[in-house]
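Inspection log for the structure reproduced underneath, given as structure tokens.
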Amino acid sequence: VDDAAFILMNREDAVKAATLIVRHFRKFGLTIHVGNRVKGSPSKTEALYVPSMCRGIKRYEDIPAEEIADIALVGDEFPPGTYMSFTPTFKYLGTVISWDLREVKDIEARIKSANKLFGSAKATFWSNARVPFALRMRFYKAIIVNVLLWGGESWAIQSKEVQALRVFQFRCLRSIL
């Protein structure tokens with residue numbers, strides 16, 4: 001088991017579930033990588049809190065600290081200081097999932113990845129007049145656009161995100177021309 005997701009309705013359920021999940025997985029010889037403050041080891045297992053839309057929270061920093069405080073794992077089998085932490089975003093199968101369930105962070109990460117990939121071959125391939133234009137365009141569509149838009153069919157994006165994608169695309173195309 002590499003990844004698991006558990007949907008819980010409130011923090012109390014998350015606290016109870018965290019201990020139960022670690023215990024249950026151990027029965028099958030599986031390890032949940034929790035942190036330990038005493039040893040100074042960070043938690044690789046993270047929880048993502050998604051507040052109710054009705055609350056009107058606009059920034060992660062506005063979530064009350066007690067709602068996203070680390071979950072302490074207690075019990076005889078857990079050394080003192082064992083915990084799981086909360087995170088505002090995490091990456092799953094190449095997609096960045098954010099606390100507000102918006103695609104902004106995912107699109108930013110995809111633009112950054114596609115830009116890095118495009119930039120790595122800019123001088124030697126994209127701007128090289130010896131490489132036929134049609135071949136450069138085929139590579140652009142097959143590689144850069146694929147990295148940029150992977151999973152995009154399920155995005156619910158606003159005009160700002162569409163504009164950021166267009167700006168990146170036009171900048172790449174100008175370099176290819």
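Put simply, the side chain of Y60 does not reach to within 4.5 Å of the side chain of T87, judged on heavy atoms. A 4.5 Å side-chain heavy-atom check between L73 and Y83 finds every atom pair outside the cut-off. Side-chain contact between V34 and F78: absent, with no pair of heavy atoms (C-beta onward) separated by less than 4.5 Å.
The distance from atom CD1 of I63 to atom CD of E61, rounded to the nearest 0.5 Å, is 8.5 Å. Atoms CH2 and OG, on W126 and S175 in that order, are 10.0 Å from each other to the nearest 0.5 Å. The line from CD1 of I143 to CG of L148 is 13.5 Å long, rounded to the nearest 0.5 Å. Rounding to the nearest 0.5 angstrom, the gap separating the CZ atom in F170 from the CG atom in L165 is 11.0 Å. Atom CD of Q169 sits about 5.0 Å away from atom CG of L173, to the nearest 0.5 Å. Taking CG from L117 and CG from N146, the interatomic distance works out to 10.5 Å, rounded to the nearest 0.5 Å.
Scanning both residues, F168 and I144, for their nearest heavy atoms gives CE2-CG2, 3.9 Å. Here the closest heavy-atom approach between residue I57 and residue P51 is recorded as CD1-CB, 3.9 Å. Scanning all heavy atoms of the two residues, the minimum distance from I71 to V15 falls at CG2-CA, 3.9 Å. Nearest heavy atoms, V147 versus S113: CG1-CB, 4.0 Å. The nearest pair of heavy atoms linking F86 to I68 is CD1-O, 3.4 Å.
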With a 3.5 Å cut-off and sequence neighbours excluded, list the donor-acceptor pairs that the side chains of residues 97-108 form with protein atoms.
residue : atom : partner : partner atom : Å
S98     : OG   : D100    : OD1          : 2.9
D100    : OD1  : R102    : N            : 3.1
R102    : NH2  : Q158    : OE1          : 3.2
D106    : OD1  : V96     : N            : 3.1
D106    : OD1  : R110    : NE           : 3.3
D106    : OD2  : R110    : NE           : 3.4
D106    : OD2  : W155    : NE1          : 3.2

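Formation of a donor-acceptor pair under 3.5 Å by the S154 side chain with backbone atoms of G151 is found in this model. Side chain of T19 to backbone of K16: no donor-acceptor contact under 3.5 angstrom is found.
No side-chain N or O of N128 forms a donor-acceptor pair with one of R136 less than 3.5 Å apart.
M137 and L149 end up in the same hydrophobic cluster when Ile, Leu, Val, Met, Phe, Trp and Tyr side chains are linked at under 4.5 Å.
Among pairs with a residue in residues 36-53, those fulfilling side-chain hydrogen bond (donor to acceptor under 3.5 Å, both in side chains) read N36-T82, R37-D70, Y49-R55, Y49-E67, at least two apart in sequence or across chains.
Under the 30°/60° scheme for interplanar angles, the aromatic rings of F6 and F25 are found to stand perpendicular.
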